[in-house]
Every structure is written in structure tokens, then in C-alpha cells.
*Asks:* 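My questions all concern the structure below.
Just so you know, ligand 1 is whichever comes first in the structure, and atom 1 is the first atom listed for that ligand. Values below: every heavy atom of this structure, side chains too, minus hydrogens, waters and symmetry copies.
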Amino acid sequence: MNTIDDCHIIHFPRLSSDRNGNLTVADNLPFTVKRVYYIYDVPGGESRGEHAHYELFQTIVAASGSFTVILDDGTHRKRVFLNKPYEGLFLPPGIWHHLVDFASGSVVLSLNSAPYDENDYMRDYEQFIEYRRGNDAD
Ligand code: TYD
């Protein structure tokens, strides 16, 4: 099963030109993107997420603003602060994640390997821990 050490930052290419502003291309993901969603209008200091997936691969980007992702593999936890639109947090299946401490006006861009499927979610932490115990014992 994946651990928090399998979650890592992907650096996206940044194109510099004489144009105003910057442009980043997310063309170096280790999975094919089947779905993109974004989260916005989160009040400052609030949180989102708190779930894990059975199969889904994701990459989460702070397209604007900042927030912290708390990663949990059932044994260890770590916090990853995201505030750069040219960095994505690669998140494989089986990792509980909680997005906290939103700066007001932040935009979460989520790049996903599969269409939306509620059956792919673990939304109950105890259910997640039992799933991890069962699989980590193999
Ligand atoms: P949810 O997963 O609860 O948000 P969070 O990121 O805070 O955990 O999603 C909020 C609602 O949106 C929920 O009813 C499921 C729905 N939803 C879709 O219909 N399609 C999607 O692609 C996503 C990500 C969520």
C-alpha cells in the first residue's frame, strides 16, 4: 500500500516569455487526467477534504493562494504547504488527506485519474484505518 513517502511534489514546467504573467503546463503527470475540478470561495482558515480513495490518483495544486495538506497513511502523518501554481502534490490511492488553513481567495486545482465515483471514497476515518490494517498486514 502507498505511504506518505509516495506523496511528493511534482514541478511543472514554467514558461517564461516577455508576456505579462506566467504560464505553467501540467504535462508531466504520471497518470492520464480524466477529470479536473477546482475548489474556491473557501473562507479563510477553513478546511476541505478529509477522505481517502481506493483507486484514484490525484495531483493537487494551489492555483492561487495557499493551504496545507495533511497526509495520513494510517501509521504516519505529514503536512505539506502548497502555495505555488507551478507545484503539484502527487497523491496516490490509500492516503487520507485533509486540506486545512486556507488563505482567503485560494483556488485548489485537482487533476484526477478517473471520473467521479462516490464508491471510490472512504469518508469515515475508522473505515480508512480498518482498510489500511487489512491491507498493510498482507
Ligand atoms: P467533496 O468530496 O465532499 O469535497 P471535499 O473536497 O471538501 O472533500 O465534494 C463535495 C460534493 O461535490 C459532494 O457532494 C460530491 C460532489 N462531487 C461531484 O459531484 N463530482 C466531483 O468530481 C467531486 C470532486 C465532487
*Asks:* With a 4.0 Å cut-off, strictly under, does atom 8 (O) of ligand 1 pick up any protein heavy atom?
*Replies:*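 Protein heavy atom within 4.0 Å of atom 8 (O) of ligand 1: present.
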*Asks:* Report yes or no: does Asp73 contribute a side-chain atom to a donor-acceptor pair with the main-chain N or O of Ile4 at less than 3.5 Å?
*Replies:*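 Yes, because the side chain of Asp73 sits within donor-acceptor range (under 3.5 Å) of the backbone of Ile4.
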*Asks:* Evaluate Tyr37 for polar contact with ligand 1, using N/O atom pairs at a separation under 3.5 Å.
*Replies:*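 Checking ligand 1 against Tyr37, no N or O pair falls under 3.5 Å apart.
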*Asks:* Can you tell me how the ring of Phe128 sits relative to the ring of Trp96, calling it parallel under 30°, perpendicular over 60° and tilted otherwise?
*Replies:*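 Taking Trp96 first and then Phe128, their aromatic rings sit tilted (interplane angle of 30° to 60°).
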*Asks:* Please check: side-chain N/O of His97 versus main-chain N/O of His51, any donor-acceptor pairing under 3.5 Å?
*Replies:*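 Yes: the side chain of His97 pairs with the backbone of His51.
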*Asks:* Please state which protein non-hydrogen atom is closest to atom 4 (O) of ligand 1 and give its distance, to 0.1 Å?
*Replies:*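 The answer is Arg48 NH2, 3.1 Å.
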*Asks:* Are there protein heavy-atom neighbours of atom 22 (O) of ligand 1 below 4.0 Å?
*Replies:*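 Under 4.0 Å from atom 22 (O) of ligand 1, at least one protein heavy atom found.
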*Asks:* Is there a heavy atom in Arg123 that sits closer than 4.0 Å to ligand 1?
*Replies:*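 Judged by the 4.0 Å heavy-atom criterion, Arg123 does count as contacting ligand 1.
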*Asks:* Would a distance-only check, ignoring hydrogens and angles, find a side-chain to backbone donor-acceptor pair under 3.5 Å from Asn112 to Arg35?
*Replies:*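 Confirmed, Asn112 side chain pairs with Arg35 backbone.
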*Asks:* At under 4.0 Å between heavy atoms, is it the side chain or the backbone of Glu50 that contacts ligand 1, or both, or neither?
*Replies:*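 Answer for Glu50: neither.
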*Asks:* Given the protein's heavy atoms, is any one of them under 4.0 Å from atom 18 (C) of ligand 1?
*Replies:*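 Within 4.0 Å of atom 18 (C) of ligand 1, protein heavy atoms are found.
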*Asks:* Picking from Arg132, Arg79, Arg77, what satisfies salt bridge (charged side-chain N to carboxylate O under 4.0 Å, His left out) with Asp72?
*Replies:*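 Result: among Arg132, Arg79, Arg77, Arg77 is the only option passing the salt bridge (charged side-chain N to carboxylate O under 4.0 Å, His left out) with Asp72.
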*Asks:* Could you state the interatomic distance from NE2 (His98) to OG1 (Thr68), rounded to the nearest 0.5 Å?
*Replies:*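 Answer rounded to 0.5 Å: 11.0 Å.
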*Asks:* Distance to 0.1 Å, residue and atom name: give those for the protein heavy atom nearest to atom 25 (C) of ligand 1.
*Replies:*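 Nearest neighbour among protein heavy atoms for atom 25 (C) of ligand 1, to 0.1 Å: Tyr116 CE1, 3.8 Å.
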*Asks:* Is Arg35 in polar range of ligand 1, meaning some N or O pair under 3.5 Å apart?
*Replies:*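 The answer is yes, given that Arg35 and ligand 1 share an N or O pair closer than 3.5 Å.
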*Asks:* For the residue pair Tyr86 / Asn22, report whether a side-chain donor-acceptor contact shorter than 3.5 Å exists.
*Replies:*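 Looking only at side-chain atoms, Tyr86 and Asn22 do not form any donor-acceptor pair under 3.5 Å.
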*Asks:* Using heavy atoms and a 4.0 Å limit, tell me yes or no: is Ile39 in contact with ligand 1?
*Replies:*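 Distance cut 4.0 Å: Ile39 passes for ligand 1.
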